[in-house]
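None of these values were measured; they are calculated from a predicted model. Counting convention: from 1, in listed order, for ligands and their atoms alike.
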Amino acid sequence: MHTILSNTQLAPNVTRLTVTAPRIAQIRQAGQFVIVRSGPGAERIPLTIADADAAAGTITLVIQAVGQSTKELVALQPGEELRDIVGPLGRATELPEHGHAVCVGGGVGTAVVHPIAQGLARAGVQVTSIIGGRSREWVIFEEELRALGTTIVCTDDGSYGRHGFVTDALRDVLAAGGVDAVYAVGPVPMMRAVAEVTRPLGVHTIVSLNPIMIDGTGMCGGCRVSIGGETKFACVDGPEFDGHQVDFDELRDRLGTYRQYEQAAQDHACKMGQG
Ligand code: NAD
Ligand code: FES
C-alpha cells in the first residue's frame, strides 16, 4: 500500500499527488514511469514520475482527470492509499553531458518534461524550457523549470507569457542557433509539430509517447508504436523515441480506439451518482 501525502490541483483538471514509494523514489531515473491501481480490480494507469524525493521516500505523480479511473485517482485524499504502484518502468532518458537542450512541454505533458529537464541539468547540459497551456490557468511546473534554466511560457489565448503555441517560441530559439537536442512531451499534434519544426534543421528530437498501456512489461502489445517502420513497445523500448521516426498517424488512431468505451464508463458512473 502507498499512502497519499498530498493532493494539489495544478490546473482545472490536473492534479499532483505525492505518494510514499521509497524503493521507486531511490532508483527511478529521468523519463521512467509507473503503473498504478487505486484499488482491487481498478484499471491500471501509466503515469510518469514527475519528481521524486529519495530521502523522504516519495514520488510525485501528475494526473489529468479525463476518464472514470483517473477521476477516481485524483479524488484520493491525504491519508488514503493506492493499492499498488509498479515501477520504475521504461527506459531512462539518454542524457548527454554537455551542450544545449530545449525541453518543450505542452499542457499536462509539461509534468513529463520536468524530470527530463531535471536530469539534463544535473548532467551538466544547458536547459531552455518552452512550456504552453491553453491559458494562464493551464500552465504548470513553471517555477520548477525556471529553477533549471531559461523558461519561456506560451499561452494559446495570450493570457500569460507569449501569445501562441510552443512551436512558435521553438522556431525563434532554434533560429538563434546552438541547440543540440529538443525533448518534447505533450499532445500528439504538438509533438508532431515540434518534429516538423526541427526536421529541416536536423536537430535531434526526442518525444515521449503515451500509447495505451496494459501490463507495462512488453507482453500484451497494447502500447505498440511504429518507429522508422519497425514495431516497438513503448513500455519497454520507450517511452522516448526519435521524433523524426514516429508514425504519429498510427499513434493518434490507436489512442482513439477505446474512446467510446471510456464514454460509456463515464455515463454509467454518472447514472450511479459517482461521476
Ligand atoms: P493542450 O491541447 O491544451 O495543448 C497544450 C499546448 O500544446 C498548447 O498550449 C500548445 O502550446 C501546444 N500545442 C497543442 N497543439 C499544438 C499543435 N497542433 N501545434 C503546436 N503546438 C500545439 O494539451 P493538454 O490538454 O494539456 O494535453 C492533453 C493531451 O496530452 C492528452 O491527449 C494526453 O494524452 C497528452 N499527454 C501526453 C503525454 C505524453 O507522455 N506524451 C503526457 C501527458 C499527456
Ligand atoms: Fe503491454 Fe507495453 S503495455 S506491451
Side-chain angles (χ1 to χ4, degrees), residues 10-15 31-35 43-50 61-67 70 86-87 89-91 93 103-116 129-142 152-171 182-198 206-225 231-241 243 246 248 251-252 254-256 258-259 262:
L10 299 182
N13 68 344
V14 182
T15 300
Q32 291 187 299
F33 67 96
V34 291
I35 291 186
E43 191 184 346
R44 297 157 62 84
I45 303 171
L47 296 167
T48 299
I49 306 164
L61 304 173
V62 175
I63 302 135
Q64 186 176 35
V66 284
T70 45
V86 180
L89 299 169
R91 288 174 183 260
T93 307
C103 293
V104 187
V108 70
T110 308
V112 181
V113 110
H114 169 252
I116 298 174
S129 300
I130 302 174
I131 60 175
R134 285 169 230 168
S135 61
R136 183 177 192 141
E137 63 197 317
W138 295 89
V139 174
I140 62 171
F141 277 80
E142 179 187 351
I152 302 166
V153 179
C154 310
T155 50
D156 301 2
D157 64 0
S159 56
Y160 184 51
R162 180 179 167 145
H163 190 180
F165 280 174
V166 285
T167 38
D168 302 326
L170 177 62
R171 274 189 201 91
V182 171
Y183 295 78
V185 192
V188 172
M190 184 214 98
M191 293 190 288
R192 182 204 291 259
V194 166
E196 291 316 316
V197 168
T198 58
I206 301 99
V207 293
S208 178
L209 304 184
N210 65 328
I212 290 160
M213 287 193 188
I214 302 159
D215 64 341
T217 64
M219 301 291 282
C220 73
C223 65
R224 176 167 58 80
V225 289
T231 296
K232 301 279 181 190
F233 296 138
C235 67
V236 288
D237 300 319
E240 292 171 17
F241 294 102
V246 174
F248 285 108
L251 176 62
R252 180 202 56 209
R254 284 179 62 79
L255 280 169
Y258 295 102
R259 208 156 277 151
E262 186 56 58

Value rounded to 0.5 Å, distance of [atom1] in [X] from [atom2] in [Y]:
| X | Y | atom1 | atom2 | value |
| --- | --- | --- | --- | --- |
| Trp138 | Thr110 | CH2 | OG1 | 12.0 Å |
| Arg44 | Ile35 | CZ | CD1 | 5.0 Å |
| Thr15 | Leu10 | OG1 | CG | 7.0 Å |
| Glu196 | Phe248 | CD | CZ | 8.0 Å |
| Cys235 | Arg224 | SG | CZ | 13.0 Å |
| Leu89 | Ile49 | CG | CD1 | 8.0 Å |

Notebook entry, point to check: Does Cys154 come within less than 4.0 Å of ligand 1, judged by its heavy atoms?
Noted result: no
Just to confirm my output: which protein heavy-atom neighbour is closest to [atom], and how far is it?
| atom | answer |
| --- | --- |
| atom 11 (O) of ligand 1 | Val166 N, 3.1 Å |
| atom 26 (O) of ligand 1 | Val108 N, 3.0 Å |
| atom 23 (O) of ligand 1 | Pro187 CG, 3.5 Å |
| atom 18 (N) of ligand 1 | Pro189 CB, 3.6 Å |
| atom 25 (O) of ligand 1 | Arg134 NH2, 2.6 Å |
| atom 41 (N) of ligand 1 | Ser208 O, 2.7 Å |

Counting each atom of ligand 1 from 1 as listed, which ones have a heavy atom of [X] under 4.0 Å away?
| X | answer |
| --- | --- |
| Val185 | 39 (C), 40 (O), 41 (N) |
| Gly107 | 5 (C), 6 (C), 26 (O) |
| Thr167 | 20 (C), 21 (N) |

Check: Of Met190, Met191, Glu240, Gln64, which has the heavy atom at the shortest distance from atom 15 (N) of ligand 1?
Finding: Met190
Checklist line | Heavy-atom proximity to atom 36 (N) of ligand 1, best of Asp156, Asn13, Val112, Asn210 | finding: Asn210
Checklist line | Smallest separation among heavy atoms of Ser208 and Val185, with atom names | finding: CB-CG2, 3.7 Å
Next item on the list: Locate the shortest heavy-atom distance separating Phe233 from Gly221; write the atom from each residue and the value.
Entry: CE2-CA, 3.8 Å
Check: Considering only heavy atoms, does Ala193 approach ligand 1 within less than 4.0 Å through its side chain, its backbone, both, or neither?
Finding: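 Just the side chain.
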Donor-acceptor contact below 3.5 Å, side chain [X] vs main chain [Y]:
| X | Y | answer |
| --- | --- | --- |
| Arg254 | Gly222 | yes |
| Gln64 | Val14 | no |
| His163 | Asp156 | yes |

Is [X] close to ligand 1, meaning an N/O of one under 3.5 Å from an N/O of the other?
| X | answer |
| --- | --- |
| Leu209 | no |
| Phe165 | no |
| Gly133 | yes |

Check: Within 4.0 Å of atom 7 (O) of ligand 1 (strictly less), any protein heavy atom?
Finding: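 Answer yes: something from the protein, a heavy atom, is under 4.0 Å.
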Next item on the list: For Glu137, enumerate each residue passing the side-chain contact (heavy atoms from CB on, under 4.5 Å) test, keeping only those at least two apart in sequence or located in another chain.
Entry: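 So Glu137 forms a side-chain contact (heavy atoms from CB on, under 4.5 Å) with Pro12, Ser135.
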Margin query: Do Pro211 and Leu251 have side chains that approach each other closer than 4.5 Å (heavy atoms only, starting at C-beta)?
Written below: yes
Margin query: Do Val225 and Phe241 have side chains that approach each other closer than 4.5 Å (heavy atoms only, starting at C-beta)?
Written below: yes
Notebook entry, point to check: What protein N, O or S atoms come within a distance below 2.8 Å of atom 1 (Fe) of ligand 2, ordered by chain and number?
Noted result: Asp215 OD1, Cys220 SG
